Amino acid sequence: MAQIPAERCLSIVQLLVEEAGEMQLGEIALRLGLPKSGVHRLLGALIEQGWVEQDPQTSAYRLTMRLTILGQRLYNATGIPDICQPVLDELAAQTREFVRLAVIDAYALVWVADAQGARGGLMYQPLLTTNTVPLHATASGKSWLARLPRTQVREIIGLNGGFGEPGQYGPNAVRSFEQLFIELERTAARGYGVAVSEAEPGVTAVAAAICSGVDGAPVGTVSVAGPGVRMSDARVSELGALVIDVARQLSELWPLRKKLKRPGRVSAAA
């Protein structure tokens with residue numbers, strides 16, 4: 001395993017995560033642009049280490065539960081379930097809409113927790129099949145990107161696949177950097193991002209950035225989304241103020257990657 005390229009093994013794991021199912025050797029090789037022989041060797045190493053298994057009937061490959069178990073342990077260790085989830089639940093109850101928390105993962109933004117505030121009638125449930133946030137088409141993405149230099153925004157959008165394919169998102173999704181930068185200026189001026197029929201048709205969302213400490217770097221976002229028919233301008237402004245306040249609370253509480261200070265060594269004289 002020590003002689004296997006780590007980045008290629010990770011690319012296989014990431015692909016299997018995104019597909020959330022079984023994949024044949026040829027499809028994996030095609031998607032990654034690698035020769036079958038090399039992919040077969042990498043899969044063998046991953047099987048040996050317990051990350052991947054092969055179906056004896058179909059010969060297809062899939063992830064084992066090892067990644068899920070480790071991910072759950074890490075998620076619990078971050079403090080999000082104990083510290084952040086109650087705040088999300090309270091916001092959802094107050095707004096009676098769908099609330100989500102996303103965290104920054106390298107150049108991506110990933111939804112990791114949510115709370116449903118609607119109790120009946122017209123209720124929003126996300127249609128997107130991935131937890132990776134479409135940055136240009138969401139209030140969450142805009143609220144993060146608005147805090148970054150424009151050159152970095154260009155780089156991050158490129159690493160996330162650009163502006164997507166025609167028809168992939170809602171009718172109002174931005175399709176160029178010129179449009180995006182105008183949106184980011186508006187977001188910075190308001191203090192929160194807004195998306196109206198962008199990620200999904202008929203859905204309006206607002207979001208604010210969470211920082212590690214009030215004056216620290218952004219680490220995530222908190223958002224509220226609901227059916228556009230009940231999202232008037234006044235309602236959007238009201239929700240904007242709420243997500244800013246909750247983002248401020250989460251910035252003060254933010255548990256991710258905080259290290260406990262080790263107690264100082266006690267001297268012999270003491």
Side-chain angles (χ1 to χ4, degrees), residues 1-85 100-114 125-138 140-141 144 155-165 168-169 199 219-221 255-260:
M1 184 70 177
Q3 298 178 350
I4 300 295
E7 67 275 12
R8 291 190 175 180
C9 284
L10 290 173
S11 67
I12 291 176
V13 170
Q14 184 173 350
L15 178 61
L16 292 175
V17 168
E18 291 172 353
E19 293 300 316
E22 297 182 343
M23 296 184 71
Q24 295 290 340
L25 172 62
E27 184 180 4
I28 296 173
L30 179 64
R31 292 282 295 275
L32 296 179
L34 298 172
K36 284 186 179 181
S37 58
V39 172
H40 186 265
R41 184 167 63 94
L42 295 171
L43 286 166
L46 288 169
I47 290 173
E48 182 181 343
Q49 295 297 317
W51 296 101
V52 172
E53 61 187 5
Q54 186 176 24
D55 190 306
Q57 302 297 325
T58 66
S59 297
Y61 296 89
R62 58 175 175 259
L63 292 176
T64 66
M65 292 300 292
R66 184 176 184 183
L67 185 63
T68 302
I69 293 170
L70 290 177
Q72 189 62 45
R73 288 178 182 173
L74 175 61
Y75 178 64
N76 290 332
T78 63
I80 289 177
D82 295 330
I83 298 175
C84 297
Q85 190 64 50
R100 278 199 280 196
L101 173 73
V103 298
I104 297 169
D105 180 22
Y107 58 84
L109 191 62
V110 182
W111 281 305
V112 296
D114 59 63
Q125 289 287 356
L127 296 177
L128 296 176
T129 58
T130 175
N131 283 338
T132 302
V133 181
L135 299 177
H136 69 286
T138 58
S140 292
W144 173 35
E155 179 184 3
I156 289 175
I157 291 295
L159 291 170
N160 278 269
F163 295 100
E165 300 297 327
Q168 184 176 357
Y169 300 109
V219 291
T221 63
L256 292 182
R257 296 175 175 82
K258 283 188 176 179
K259 298 180 179 179
L260 294 175

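All values reported here derive from a predicted model rather than from experimental measurement.
For the atom pair CD of Gln14 and CG of Leu16, the computed distance is 10.5 Å after rounding to the nearest 0.5 Å. Between Thr132 atom OG1 and Trp111 atom CH2 the span is 9.0 Å, to the nearest 0.5 Å.
Under the 4.5 Å side-chain criterion, counting only non-hydrogen atoms from C-beta, Leu67 is in contact with Val17. Two residues are said to be in side-chain contact when any heavy atoms from C-beta on lie closer than 4.5 Å; Tyr61 and Ile47 meet this criterion. Between Val112 and Asn131 the shortest side-chain heavy-atom distance does not fall below 4.5 Å. You'll find the side chain of Leu46 reaches within 4.5 Å of the side chain of Ile12, heavy atoms only. In this structure the side chain of Trp51 reaches within 4.5 angstrom of the side chain of Leu70, judged on heavy atoms.
Remark: side-chain polar atoms of Asn160 are paired, donor with acceptor, to backbone N or O of Tyr107 under 3.5 angstrom. Counting only distance, with no hydrogens or angles, the side chain of Gln168 and the backbone of Glu165 share a donor-acceptor pair below 3.5 Å. A distance-only check finds a donor-acceptor pair linking the side chain of Arg66 to the backbone of Gln49 [under 3.5 Å].
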- [ ] Under the side chain to side chain contact (heavy atoms under 4.5 Å, CB included) rule, what do Leu135 and Ile157 come out as? Steps first, then yes or no, please.
- [x] CA-CA 7 Å; Leu135 299 177; Ile157 291 295; 4.1 Å; yes

TODO: Start with the C-alpha gap between Ser140 and Arg100, add the side-chain angles, then the distance that decides, and say whether side chain to side chain contact (heavy atoms under 4.5 Å, CB included) holds.
DONE: CA-CA 9 Å; Ser140 292; Arg100 278 199 280 196; over 6 Å; no

- [ ] Walk me through it: do Val52 and Leu63 pass the test side chain to side chain contact (heavy atoms under 4.5 Å, CB included)?
- [x] CA-CA 4 Å; Val52 172; Leu63 292 176; 4.0 Å; yes

Side-chain donor-acceptor pairs under 3.5 Å in residues 23-37, sequence neighbours left out?
from  : atom 1 : to    : atom 2 : distance (Å)
Gln24 : NE2    : Thr58 : O      : 3.1
Arg31 : NH1    : Glu19 : OE2    : 3.1
Arg31 : NH2    : Glu19 : OE2    : 2.9

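Contact between Tyr169 and Ala137 at its shortest, heavy atoms only, is CG-CB, 4.3 Å.
Residues satisfying the salt bridge (charged side-chain N to carboxylate O under 4.0 Å, His left out) criterion with Glu22, sequence neighbours excluded, are Arg62. Contacts of Arg8 classified as salt bridge (charged side-chain N to carboxylate O under 4.0 Å, His left out), with partners at least two apart in sequence or in another chain: none.
Residue Ile104 forms a side chain to side chain contact (heavy atoms under 4.5 Å, CB included) with just one option from Leu109, Val133, Thr221, and that option is Leu109.
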